[in-house]
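Notes follow once the structure below has been shown.
Reminder, nothing fancy here: chain letters follow the sequence lines and each chain counts from 1.
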Amino acid sequence: MKIIELGKNVLAANGAEAEALRERMKKAGVLLVNLMSSPGSGKTTLLSRLIRDMGDTRIGVMEADIESAVDAERIEALGARAIQVHTGGMCHMDAYMTAEALREMGEEGLDLVFLENVGNLICPAEYDTGAGMKLMILSVPEGDDKPLKYPLIFRESDALVITKCDALSYFDFDIAKCRERAKKLNPAIEIYPVSAKTGEGMEALERFLEGRLTAWRELPYRGDRVK
Amino acid sequence: MHEMGIVLHLAETLNETAKEQRLTRIGSVTLQVGEVSGIMTDYFIDCWNYFKPRHPVLADSELRLETIPAVTWCDGCGRTYETVKYGRECPYCKSGETWLLSGNECIIKEIEAESEDGEEGESSFETEDLN
C-alpha cells in the first residue's frame with residue numbers, strides 16, 4: 001500500500017462548486033442571496049414583504065427546511081416563484097444542494113433569488129453556497145447579545161436585518177449595543193432595523209438590495225462576492 | 001455541529017481521488033482537525049462508520065484523526081497565544097483585535113491506498129485553504 005499526501009481541505013470541492021455557481025449567476029445577471037437566521041426570526045415574513053413592496057424586482061425563493069412545504073406555499077401564494085428544498089436532516093445548505101435546487105427552480109427571468117437557509121446560526125455560516133451576497137436576520141426577541149455568542153455568522157454576513165422592531169418596547173433589545181457588537185466583528189456589515197409588519201425601515205433595506213443587484217450586474221467578476 | 005455534511009464531502013473527495021488516481025482500496029485516511037473547528041470527533045467517527053460501507057473503495061479504511069492546536073495572533077502587541085486557554089482577548093495586552101492563525105482546519109493530510117497498476121508512485125495535490 002502506498003501513501004498519498006493530499007493536503008486537501010475537506011470543503012475544497014464545495015468551494016469550487018460554489019465558485020462555479022457564483023460565476024454562472026454573475027453571467028446570468030441574477031443575484032443569489034444566502035439568507036440565514038435562527039428558526040422563527042421572520043425570514044418568510046420578511047421575504048413576503050419584500051416581494052409585495054419590490055414590485056419591479058422579480059424575486060424567486062428557495063426554501064430550505066428539514067421537512068414540510070409550509071414556507072414555499074406562503075411565498076407561492078404571493079405569486080412569486082418558489083421551491084421547497086428538503087435537506088434530508090442536514091443542518092445547512094451546501095453549494096451542491098443549492099446548485100441542484102436552482103436547476104430545479106430555474107433562474108431565468110428573475111432578478112433576485114433568495115436561498116432561505118435552514119434556521120440555524122452556526123452551520124450555514126460555515127458553508128459557501130455560491131451566493132453572491134450573505135444576509136442575516138436577528139429578530140428583537142432573540143436578544144442583542146447574539147453577536148457575542150455566534151460571532152462567525154456576523155463576520156460572514158454582508159448585511160444584518162434586525163426584524164420585529166415593532167416589538168422593541170416589549171423586549172430589552174438595545175439596537176445601539178447590537179450595532180456596536182456586530183460592527184466590532186465585521187466593520188463592513190450594513191445594519192437595517194425593520195418591521196415587516198408595520199413597514200418601518202423596509203424602504204432603506206429595499207434600496208440597499210436594489211443597489212447590490214445593480215452592483216452585481218455592473219461590476220466585473222472578481223472571483224469573489226461583491227463586498 | 002455538522003459532522004454529517006463534512007463526512008459527506010470527505011467521502012466525495014476520496015472517491016474522486018480514487019477515480020483520478022485509479023485506486024482500488026483506501027486503507028487509511030489521516031485527517032487533521034483544528035482544535036476550534038467545531039468538529040466533535042465522537043460524532044464524526046459515528047458518521048464515518050455510517051458512510052464507509054456505502055463506498056466500496058472506503059469499505060475497510062481506517063480513520064486517523066490528528067488535532068491542530070488553535071493559535072491566535074494579536075494585532076495589538078504582535079504576539080501569539082493559545083486560543084482555547086484565553087479566548088478572543090489577548091492575555092498580554094488585553095486587546096480584542098485578535099485573529100485565529102490556526103485551529104479551524106479540516107484537512108485530509110494523507111491516505112494509504114492500493115492502485116490498479118500496483119505502482120508505488122507518490123503524488124500530491126496543491127494545498128487548498130478555503131477556511
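- Counting non-hydrogen atoms of other residues, nucleotides and ligands closer than 6.0 Å to CD of E108(A) gives a total above 12.
- For the atom pair CD (E110(B)) and NZ (K2(A)), the distance works out to 13.5 Å, reported to the nearest 0.5 Å.
- Residue-environment remark: CD (E62(B)) exceeds the threshold of 12 foreign heavy atoms within 6.0 Å.
- Counted within 6.0 Å of NZ on K52(B), heavy atoms from surrounding residues, nucleotides or ligands total more than 12; the atom is thus considered enclosed.
- To the nearest 0.5 Å, atom CD of residue E17(A) and atom CD of residue E12(B) are 9.0 Å apart.
- Between T13(B) and L6(A) the shortest side-chain heavy-atom distance does not fall below 4.5 Å.
- Note: I4(A) CD1 to L14(B) CG = 10.0 Å, rounded to the nearest 0.5 Å.
- Interatomic distance, CG of L148(A) versus CZ of R88(B), reported as 10.0 Å (0.5 Å rounding).
- Note that the CE atom of M97(A) and the CG atom of L8(B) stand 9.0 Å from one another [nearest 0.5 Å].
- Closest approach of V10(A) to H9(B), counting heavy atoms only: O-CB, 3.7 Å.
- E114(B) approaches M1(A) most closely through the heavy-atom pair OE2-CE, 3.5 Å.
- Going from atom CG of L152(A) over to atom CG of N104(B) covers 7.5 Å, rounded to the nearest 0.5 Å.
- Counting heavy atoms of neighbouring residues, nucleotides and ligands inside a 6.0 Å radius, atom CZ of F171(A) exceeds 12 of them.
- For Q32(B), no part lies under 4.5 angstrom from a heavy atom of chain A.
- Within a 6.0 Å sphere centred on CD of E66(B), other residues, nucleotides and ligands contribute more than 12 heavy atoms.
- Using a 4.5 Å cut-off on side-chain heavy atoms (C-beta onward), I111(B) and K8(A) make no contact.
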